[in-house]
Chemist: 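Once you've had a glance at the structure underneath, I'll fire off some questions.
Just follow the structure's listing: the first ligand is 1, and inside any ligand the first atom is 1. Because the structure is predicted, anything quoted here is derived from the model rather than measured.
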Amino acid sequence: MRFDVITLLPELFAPFLEAGVARRAFADGLIDLKLWNPREFAEGNYRRVDDRPFGGGPGMVMLAEPLSRCLQAVRADRADAPGQAAPVVLFSPVGEVLHHAAVERWAASPGAILICGRYEGIDQRFIDAHVDAQISLGDFVLSGGEIAALALLDAVARLQPGVLHDAGSHQADSFNPAVDGLLDCPHYTRPEEWCGQRVPAELLSGHHAQIERWRRDRRLELTAQHRPDLIAAARADGLLSTPDEQLLARLTEAGAP
Ligand SMILES: C[S@@+](CC[C@H](N)C(=O)[O-])C[C@H]1O[C@@H](n2cnc3c(N)ncnc32)[C@H](O)[C@@H]1O
């Protein structure tokens, strides 16, 4: 899998490549990551990559031409087989908000060319000519697409086989459709009592079935409280058992949303 990132600030990526769990995916070559700076494809002494917006208004807009030359260089370097050209993805508030199902698709894909905007954004003509998909991180405005690119790369990296020490770890994570798509349960570690709060007795019982039922109930409870849409989806997919439905009915009777 190969990701190429087009960014005016490639230095933002180095710390991420050198630390934490995701580092393994890049160090072990599971993900080939290449960084490209459009400034290196700009002309003139100042290697200008932005200019004022037509029509006036605040801020600057990224020029289409350096981006276009940079993209050409990426394409030449990738040398993708005919008909298998990597998709070009732009991070933008315009895009579909990133969610687990999309991350899973990217994690199983051959990769993509990711473009990070800066300033007021990118000349629309470049977007119309070259961009295949747009991804948003949420309904807020970042100063650049780099954090969005890092979020996608991190989420994709941790799904690569061997990246997490415990292969079962992401099985139990929130949003996993292969399990139930629900939120994860709360977690506790030592000491057994902290600031007057004790770890739930079930987790200390050593009784496997009891622990699993406690975890399942907390997943259901948390999800019903914070993301009832995920409960509805799990029900529609037939992923809720009779004990699950009994717990949800008790929560509703007790006045939970
Ligand atoms: C300051 S923002 C531009 C915001 C733009 N003028 C607007 O209001 O929609 C600069 C760049 O940050 C990135 N960006 C900002 N918010 C984002 C979000 N929610 N998700 C993904 N990328 C984002 C985009 O690449 C964008 O071109």
Side-chain angles (χ1 to χ4, degrees), residues 1-17 20 22 26 31 33-42 46-75 78 85-107 109 111-159 174-175 226-227 229:
M1 166 185 301
R2 171 170 167 175
F3 283 95
D4 293 89
V5 182
I6 297 182
T7 167
L8 287 170
L9 295 174
E11 62 271 29
L12 291 182
F13 289 77
F16 168 75
L17 297 176
F26 304 100
I31 301 179
L33 181 69
K34 276 204 164 185
L35 302 169
W36 303 79
N37 191 338
R39 199 173 291 285
E40 288 170 19
F41 299 86
Y46 294 108
R47 293 193 171 271
R48 192 163 189 169
V49 290
D50 61 328
D51 210 332
R52 291 189 303 277
F54 277 124
M60 304 294 271
V61 177
M62 284 178 77
L63 294 165
E65 189 54 26
L67 281 168
S68 179
R69 278 198 228 112
C70 183
L71 179 59
Q72 256 178 28
V74 175
R75 290 255 185 247
R78 287 186 69 105
V88 176
V89 177
L90 171 65
F91 293 102
S92 163
V94 168
E96 190 186 354
V97 174
L98 189 61
H99 53 82
H100 185 82
V103 169
E104 279 198 329
R105 281 198 299 277
W106 287 115
S109 78
I113 301 168
L114 309 179
I115 302 192
C116 304
R118 279 267 147 186
Y119 316 122
E120 288 307 316
I122 291 177
D123 189 312
Q124 186 61 37
R125 291 167 295 183
F126 174 85
I127 299 173
D128 293 342
H130 296 294
V131 170
D132 300 303
Q134 300 193 55
I135 294 178
S136 168
L137 218 53
D139 290 351
F140 49 87
V141 178
L142 295 160
S143 0
E146 287 78 8
I147 289 175
L150 286 168
L152 176 67
L153 290 168
D154 181 77
V156 163
R158 68 194 304 286
L159 289 184
S174 300
F175 310 119
H226 296 284
R227 292 292 303 273
D229 57 310

Chemist: Taking atom NZ of Lys34 and atom CG of Leu114, what is their separation to the nearest 0.5 Å?
Modeler: 15.0 Å
Chemist: Closest approach of Ala73 and Phe41, non-hydrogen atoms and distance?
Modeler: CB-CE2, 3.5 Å
Chemist: List of N/O pairs, ligand 1 versus protein, all under 3.5 Å?
Modeler:
| from | atom 1 | to | atom 2 | distance (Å) |
| --- | --- | --- | --- | --- |
| ligand 1 | 6 (N) | Glu120 | O | 3.0 |
| ligand 1 | 6 (N) | Glu120 | OE1 | 3.4 |
| ligand 1 | 12 (O) | Gly144 | N | 3.4 |
| ligand 1 | 16 (N) | Leu142 | N | 3.0 |
| ligand 1 | 19 (N) | Gly138 | O | 3.0 |
| ligand 1 | 19 (N) | Phe140 | O | 2.8 |
| ligand 1 | 20 (N) | Leu137 | N | 2.9 |
| ligand 1 | 22 (N) | Ser92 | N | 3.4 |
| ligand 1 | 25 (O) | Phe91 | O | 2.6 |
| ligand 1 | 25 (O) | Gly117 | N | 3.0 |

Chemist: What pairs with Asp229 under side-chain hydrogen bond (donor to acceptor under 3.5 Å, both in side chains), at least two apart in sequence or on another chain?
Modeler: Arg227
Chemist: State which residues pass side chain to side chain contact (heavy atoms under 4.5 Å, CB included) with Ala102; sequence neighbours excluded, sorted by chain then number.
Modeler: Leu98, His99, Arg105
Chemist: Taking atom CG of Asp128 as the centre, report whether more than 12 heavy atoms of other residues, nucleotides or ligands fall under 6.0 Å from it.
Modeler: yes
Chemist: I'd like to check the ring pair (Phe, Tyr, Trp, His ring centres under 6.0 Å) partners of Phe126; sequence neighbours left out, ordered by chain and number.
Modeler: His130
